[in-house]
Amino acid sequence: TTGSQIVMDMSQRTVKRMASFCNAITFSNRPVAIYEQVRLKITKKQCCWSGALRLGFTSKDPSRINPDTLPKYACPDLVSQTGFWAKALPEELSNEGNVIAFWVDKKGRVFYRINDSSPMLFFSGVHVSEPLWALIDVYGLTRGVQLLDSEMVPLDCMRPRSFAATHRASIQRNSDDPRLSISLCDLSLQQETHLEEDDEEEERLQPLSSASCHVPQNSQNSQQCSLLPSHLDTDLHFHSVHGIHVTGLDKHTMARLDHRGDERTLVFSSRPMRCSETVFVKVKAGATRPGSLSYGVTSCDPATLRPSDLPSNPESLVDRKEFWAVCRVGVPLHSGDILGFVVNAEGEVMMSHNGLSAGMQLCVDNSRPLWMFYGLHGPITQLRILGSSPHPDLRGPSVPSSPSCTPNTPTVLCSGNSEPNLNTPLNINLNSSLNSNYHSVYSSSTGTTPSSPFSSHPQSPTFPSCSGSWSDECTICYENVVDTVLYACGHMCLCYTCGLKLKKMANACCPICRRTIKDIIKTYRST
């Protein structure tokens, strides 16, 4: 049973991918034992692709799998199915001539080693109660592999002390940074390593729990405490439905899996947001560069979704039939940063960053239950819900609940393209200066709150009145003058040409408040 691009030699030990970069999944001919090393030699490398060998295990007998039903990719397609576990080998380790050995231990953890190097933890969660076949996807840069004789893991590799030492050093570095608390991932790994080294005392060691090694919801370090209310409720956590490239470390912490390419990393709150309830989350990012976070609210109950329904681009969700409002944090995020989100009674989604209010980010219809959701991008590796406060306690300098009149033009969120595109979902970030001037938004203290289109009064929303006039440019083309009112919300933010094109789109909605567009009305100015 192999992918359509696999060619195998007579000995059934060497395989080669004929063309393309995918459709090259293979399996071992028999189940492998616990601690049995599956050893491979990379015989051919093709440098025109990105990504490399994917390795793992399956509890499904390959002889009972129809080759025509094999997907193109082991990750993420095959691993999203029950009974398959795999992960991509780092590209820098996939050089021609390298010998890779990988195995699973009795705890379901998969380790690998390159040539004679120290073993490294690859991933965990494999069900070892069933027979396991090796899974090998000859992907991307890797063009051919040869299966070598298997060997049992040496005793010195069953206790990978070098791996434990590396992570202890990482934990020590993190503890020196006042912004960071020790992550549950590191603590879990540290605990598991001690268990492996002292198996004879295993029954006396308790597993990691909130009681034995607690990372408090409102952290012990003074900086984090100063950014949070004195009391946080802990009943809000992440929903069990989430993207296929994230996993739950516990009910309050989601971690992104190592995956290249499009990443489906959407996560949801376990319940709808309460009116004026502030949710505080903490991010953990890689040390190389800052990360980014998408966020928003939806009327769609996550329990009705499947992981395959969740796209890699959160902005595409606005085309669904349910109510979705999506935005992205406009400033770079670093490890330890704390964000607060609240939907107030007027339907305004407010955000704070490290205790400083960023003002209103979205205006949404809060007449129905709304779940919070997030998308992890770039180097963001973990997201943790610290807790929620029933009061809108977004600490920091007092700012108005509406956007300042300082920003000139709302920002249209278009993924990867600076040109306006009328065929892509539209999202307006009312705080466009978040992208250009971080401090001007956070220190803003002037401006007039516009009337909400979702208030009980039937009047249309009014624009802020201040010394600086509201921008006359269309928020889609940025060329023509605004001359069109959207019915029924009453927002005036488009030119007539863009309004006509927007109205013809499926599920057309206002770029500002996301209400359905029933009609567009051209306006004329006297002077």
* Asked: Name the one of Val279, Val297, Leu362, Thr278 that satisfies side chain to side chain contact (heavy atoms under 4.5 Å, CB included) with Val343?
  -> Val297
* Considering only heavy atoms from C-beta outward, does the side chain of Arg39 approach that of Glu151 to under 4.5 Å? -> yes
* To do: Give the minimum heavy-atom separation between Val38 and Ala134, together with the two atoms involved.
  => CG2-CB, 4.0 Å
* **Atom pair OG (Ser312) and CD (Glu263), whose distance is rounded to the nearest 0.5 Å** => 9.0 Å
* Less than 4.5 Å apart, any side-chain heavy atom of Leu339 and any of Leu333? -> yes
* Does a donor on one side chain and an acceptor on the other come within less than 3.5 Å for Thr381 and Arg256? -> no
* Asked: Has the side chain of Ser270 got a donor or acceptor atom that lies under 3.5 Å from a matching backbone atom of Leu236?
  -> no
* Asked: Is there a donor in the side chain of Glu277 and an acceptor in the side chain of Ser388, or the other way round, less than 3.5 Å apart?
  -> yes
* Asked: With no hydrogens and no angle check, is any side-chain donor or acceptor of Asn23 less than 3.5 Å from a backbone partner on Ser4?
  -> no
* Asked: Between Gln5 (side chain) and Ala24 (backbone), is there a donor-acceptor pair under 3.5 Å?
  -> no
* When Pro119 is tested against each of Phe102, Tyr112, Trp103 for side chain to side chain contact (heavy atoms under 4.5 Å, CB included), which residue passes? -> Trp103
* Begin from the C-alpha positions of Leu40 and Ile42 and carry the test side-chain contact (heavy atoms from CB on, under 4.5 Å) through to its verdict. => CA-CA 7 Å; Leu40 299 169; Ile42 298 178; over 6 Å; no
* Quick one: pull up CZ in Phe27 and OG in Ser63 and give me the separation to the nearest 0.5 Å. => 10.5 Å
* Asked: Considering residues, nucleotides and ligands other than Arg368, do more than 12 of their heavy atoms fall under 6.0 Å from its CZ?
  -> yes
* Asked: What heavy-atom pair brings Arg328 and Ser292 nearest, and what distance separates the two atoms?
  -> CD-OG, 3.2 Å
* Taking only Lys NZ, Arg NE, NH1 and NH2, and the carboxylate oxygens of Asp or Glu, determine whether Arg271 and Asp235 approach each other closer than 4.0 Å. => yes
* Structure fact -> Between Thr43 and Gln146, the two heavy atoms sitting closest are CG2-CB, 3.8 Å
* State whether the side chain of Lys87 and the backbone N or O of Phe122 hold a donor-acceptor pair below 3.5 Å, judged by distance alone. => yes
* To do: Decide yes or no for Thr2 and Val15: does some side-chain heavy atom of the first lie under 4.5 Å from some side-chain heavy atom of the second?
  => no
* Asked: Is there side-chain contact between Trp49 and Thr142, with at least one heavy-atom pair below 4.5 Å?
  -> no
* Asked: Would you say Asn115 has more than 12 foreign heavy atoms packed within less than 6.0 Å of its CG?
  -> yes
* Residues Phe341, Tyr295; criterion ring pair (Phe, Tyr, Trp, His ring centres under 6.0 Å); working and verdict -> CA-CA 9 Å; Phe341 299 93; Tyr295 64 92; 4.7 Å; yes
* Which distance, rounded to the nearest 0.5 Å, do you find between the CD1 of Ile114 and the CD of Glu92? -> 9.5 Å
* Show your working on side-chain contact (heavy atoms from CB on, under 4.5 Å) between Ile136 and Leu53 and close with a plain yes or no. => CA-CA 7 Å; Ile136 302 156; Leu53 196 63; 3.9 Å; yes
* Backbone of Asn313 reached by a side-chain donor or acceptor of Arg264 within 3.5 Å -> no
* To do: Could you check if a side-chain atom of Trp85 sits within less than 4.5 angstrom of a side-chain atom of Ser59, using non-hydrogen atoms only?
  => yes
* Between Leu132 and His127, is any pair of side-chain heavy atoms under 4.5 Å apart? -> no
* Between Phe238 and Tyr374, what is the ring plane arrangement, given parallel below 30°, perpendicular above 60°, and tilted in between? -> perpendicular
* Residues Arg13 and Asp149 bridged, charged N to O under 4.0 Å -> yes
* Structure fact -> Rounding to 0.5 Å, atoms CD (Gln81) and CD1 (Ile244) come to a distance of 10.5 Å
* Contact summary for Ser94 and Leu89, nearest pair of heavy atoms -> OG-CD2, 3.6 Å
* Asked: Which pair of non-hydrogen atoms, one from Pro76 and one from His245, has the smallest distance, and what is that distance?
  -> CB-NE2, 3.0 Å
* Asked: Under the side-chain contact (heavy atoms from CB on, under 4.5 Å) criterion, do Gln37 and Arg113 qualify, and how do the steps go?
  -> CA-CA 10 Å; Gln37 295 183 87; Arg113 63 188 303 185; 3.8 Å; yes
* What pair of heavy atoms forms the shortest contact from His334 to Val283, and how long is it? -> O-CG2, 3.3 Å
* Should Lys45 and Asn95 be marked as a side-chain contact (heavy atoms from CB on, under 4.5 Å) after you check the CA-CA gap, both sets of side-chain angles, and the distance that decides it? -> CA-CA 7 Å; Lys45 181 178 179 179; Asn95 296 323; 3.1 Å; yes
* To do: Give a yes or no answer on whether the side chain of Asp233 reaches the backbone of Ser389 with a donor-acceptor pair at less than 3.5 Å.
  => no
* Using the ring pair (Phe, Tyr, Trp, His ring centres under 6.0 Å) rule, take Trp371 and Phe268 through it: C-alpha gap first, then chi angles, then the decisive distance, then the call. => CA-CA 7 Å; Trp371 282 259; Phe268 297 86; 8.9 Å; no
* Is there a donor-acceptor pair closer than 3.5 Å between any side-chain N or O of Ser299 and the backbone N or O of Phe323? -> yes
* Find the distance between NZ (Lys16) and NZ (Lys44) and round it off to the nearest 0.5 Å. => 6.0 Å
* Structure fact -> CD1 (Ile6) and CG (Asp137) are apart, to the nearest 0.5 Å, by 8.0 Å
* Between Arg54 and Ala52, is there a donor-acceptor pair closer than 3.5 Å when you use the side chain of the first and the backbone of the second? -> yes
* Asked: Within a reach of under 6.0 Å around NZ of Lys72, are more than 12 heavy atoms found that belong to other residues, nucleotides or ligands?
  -> no
* **Min side-chain heavy-atom separation His353-Val329 under 4.5 Å** => no
* To do: Measure the shortest side-chain to side-chain distance between Pro311 and Leu266 over non-hydrogen atoms and say whether it is less than 4.5 angstrom.
  => yes
